[in-house]
Amino acid sequence: MSSSSTAASQTLPPAPLELKILSTTFLRGPNIWTYTEVLETWLDLGVLEEWPSNRLPGFVDRLLAVLPSVAAHRCSIGETDGFHLRLREGTWMGHVLEHVIIEILELAGMTAGFGQTRETSVSGIYRMVFRVPDETVARAALAAGHALMEAVLNNKPFDLKQAVAQVHSKIDEYWLGPSTAHIVISAGKRKIPYIRLNKGNLVQLGYGSRQNRIWTAESDRTSAIAEGIASNKDMTKNLLRSCGIPVPEGEVVESIEQAWEAAQELGLPVVVKPTDGNRGRGVMLDLKTRGEIESAWHVAHEEGSGVIVERYIAGEEHRVLVVGGSVVAAVRGESVWITADGSSTLLELVDAQINSDPRRGSADIQPLETLNLLANSVLQDNLQRQGLKPQSVPEAGRRVLIARNGNHSIECTDQIHPEVAHACKLAARIVGLDIAGIDLVCEDIGRPLDEQGGAIVEVNAGPSLLMHLNPAQGEPRPVGKAIVDHLFPDNGTGRIPIVGVTGTRDTAPIAQLVAWLMQLSGMQVGLSCSDGLFVGARRLETYGASDWESGQRLLINRNVEAAVFENSPQMIVTEGLSYDRCDIGIVTDADAIVTMDEYDTDKQRYKVLRTQVDVVRQEGAAVLNAEDALVLDMASLCDGEVLLYAQDVNNAALLAQREAGGRVVFMNGTMIVQAHGAQTINVLDIQKDLRPAARSLPVPVLLASVAAAWALGLEPDMVATGLETFEPAPTRASSL
């Protein structure tokens with residue numbers, strides 16, 4: 001903050017007041033701010049540098065009148081209403097914008113929770129960031145927050161509801177659906193990384209060869225054959241019946257005449273539904289007359305590719321979720337009724353008594369759909385059977401049935417009978433689905449189906465999870481955890497060994513050499529560096545592959561069993577790292593970095609380069625150059641072990657590390673030596689044992705690579721063999 005603010009004139013600043021956005025950058029991986037994606041914005045406060053929040057007459061009151069909920073932010077004070085206190089005491093407009101954006105995101109349904117604003121070396125210029133996982137959503141939130149700020153600054157009206165709605169629409173359009181997001185969050189609790197593979201809900205959990213993929217509630221273990229079976233209701237029933245599972249008798253029909261004949265043979269009442277519908281669309285229940293069956297046939301024929309007539313089973317609909325052969329959740333449906341008031345139409349009553357439920361809507365986040373009497377032929381048929389139309393005004397007190405099915409909302413997992421659970425698990429297995437939604441009808445899910453005449457009526461692939469995450473009654477079930485545990489048993493993390501290298505000196509040859517050493521242990525190693533993109537000996541790109549996108553290509557590749565990344569300081573500042581965490585983080589030096597004046601001090605260089613150390617896993621290690629004091633200071637930041645390297649055997653930091661029982665690598669004459677405390681191992685003589693090409697490498701390259709290999713658990717003999725056989729790219733790689 002500028003010291004000149006305290007001496008500013010007491011006159012009001014000239015209008016209009018402007019908060020300028022100079023630039024925005026979306027950082028897609030771990031960065032100098034945090035471990036996750038953020039949008040970084042450079043702001044020019046202009047004259048507002050002299051006018052913090054407490055000096056602008058009426059500003060705080062106007063802001064809280066438009067966005068009252070922002071006052072409750074804890075801010076740096078760490079208490080509820082902490083931000084309100086900061087506003088009254090005085091804070092700068094970049095900081096206010098940060099909190100405004102975060103609150104708009106929260107109101108729009110996306111958890112943000114992290115932001116920072118820092119002044120740069122130029123007075124009045126600030127860098128502001130906030131956390132958000134999607135760039136389009138982030139830019140929409142920035143635009144909304146900026147518009148709100150300028151409206152409040154200039155005492156103009158602002159439509160908060162519309163702004164929040166616009167951001168919400170971007171979340172719906174561009175971010176993960178709630179079911180997929182829940183699975184991703186559940187994976188995160190297991191420290192399993194994720195990569196979004198498209199603009200929809202196709203997500204990779206884990207990296208490289210240890211990945212699994214999900215598409216909402218389907219996984220890459222979900223068989224296409226099983227999906228095909230599940231989509232054919234008649235085929236599904238026949239398979240289940242053959243294995244002794246109770247299912248309703250039924251028949252596929254091709255005409256109204258056949259439907260009526262089938263109904264008579266089965267015995268009234270019956271159900272008419274599409275052979276391949278979903279979410280209850282086109283399903284008509286409890287049909288007792290030819291007229292009702294004829295009407296239902298038309299509805300079902302419009303909704304699906306065929307029509308099936310089934311014996312009607314009395315009872316409530318239930319949905320049971322089976323994951324990996326286990327029942328993990330169950331909900332019960334309920335019929336939807338309204339009570340007439342004698343003056344309102346059914347259209348008005350449905351909106352007032354049903355669609356006002358916040359759980360209903362057209363967005364993916366709503367577990368229940370909005371009921372549209374004018375567009376839904378099933379609902380219209382229900383009304384017709386009661387002698388009503390959407391525009392009817394029933395007499396006061398009359399209860400009218402609006403919908404019989406598709407309203408699963410009452411949690412009942414703990415009530416399910418073991419035999420019912422067994423039947424559901426068997427049904428999923430017969431169809432072949434690893435994740436299945438089993439629809440059954442019975443009076444009481446706590447009793448065996450045979451005992452009460454209940455039956456399984458459908459088996460669904462890709463079942464909705466929302467009903468289990470947001471039931472109307474009962475506690476939500478951890479269905480995302482169940483799916484993650486199914487995909488990654490035995491506490492698997494889906495991670496492959498990852499090594500990251502940053503600095504300005506010799507990072508590319510270090511990355512190449514470490515990749516070569518790792519490959520000797522039998523792994524297929526991916527390498528992203530400024531000399532190219534490699535998988536094993538195969539070069540995918542010829543040069544310039546040390547960027548975020550190239551790194552992601554390696555992590556998506558199922559053939560990659562380990563990966564090495566060269567991460568330039570410029571990449572960390574402008575893109576972020578390609579991975580969330582690594583096993584080994586190497587920092588070579590803290591020389592002048594990045595072509596931006598903002599990073600010309602030791603403090604700023606340290607902040608950039610420490611990113612590589614910050615992401616080292618607790619089970620991993622940082623490999624640091626002990627001859628660079630700034631790099632050496634990063635040792636305390638590492639969650640895992642620290643290995644030091646230096647050419648000088650008498651380097652003070654190395655001696656202290658050995659004294660403390662730590663691991664170091666150094667030169668003793670022409671010999672590379674590993675030392676663990678007082679114990680030493682000679683690795684190889686660089687003059688006698690290395691080929692000319694490898695012998696030409698700078699000694700720090702060899703030392704850093706040996707230390708990384710040691711941290712990865714490679715034996716000294718294997719490391720020596722790798723050094724003896726190493727040929728720098730492009731000699732050892734075939735260009736495509």
- request: Please list, chain by chain and in numerical order, all residues satisfying ring pair (Phe, Tyr, Trp, His ring centres under 6.0 Å) with Tyr645, sequence neighbours excluded.
  value: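 None.
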- prompt: Which residue pairs satisfy the side-chain hydrogen bond (donor to acceptor under 3.5 Å, both in side chains) criterion with at least one member in residues 183-193, sequence neighbours excluded?
  reply: Arg190-Asp485
Quick test of your reading: applying salt bridge (Lys or Arg N to Asp or Glu O under 4.0 Å), list the pairs with at least one residue in [range], sequence neighbours left out, ordered by first then second residue.
{"range": "residues 500-510", "answer": "Arg505-Asp591"}
{"range": "residues 640-662", "answer": "Glu641-Arg663"}
{"range": "residues 94-103", "answer": "none"}
{"range": "residues 623-633", "answer": "none"}

Among all residues two or more places apart in sequence or in another chain, which pass the salt bridge (Lys or Arg N to Asp or Glu O under 4.0 Å) test with [X]?
{"X": "Glu561", "answer": "none"}
{"X": "Asp81", "answer": "none"}
{"X": "Arg74", "answer": "none"}

With Arg553 via side chain to side chain donor-acceptor pair (under 3.5 Å) - residues at least two apart: Glu541
- request: Can you sort out the partners of Trp548 under side chain to side chain donor-acceptor pair (under 3.5 Å), two or more places apart, ordered by chain and number?
  value: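 Checked Trp548 against side chain to side chain donor-acceptor pair (under 3.5 Å); zero matches.
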No-hydrogen, no-angle side-chain donor-acceptor test under 3.5 Å, Tyr126 and Glu49: yes
Cut-off 3.5 Å, no hydrogens considered: what does the side-chain donor-acceptor table look like for residues 104-116, sequence neighbours left out?
residue: Glu106; atom: OE2; partner: Ala112; partner atom: N; Å: 3.0

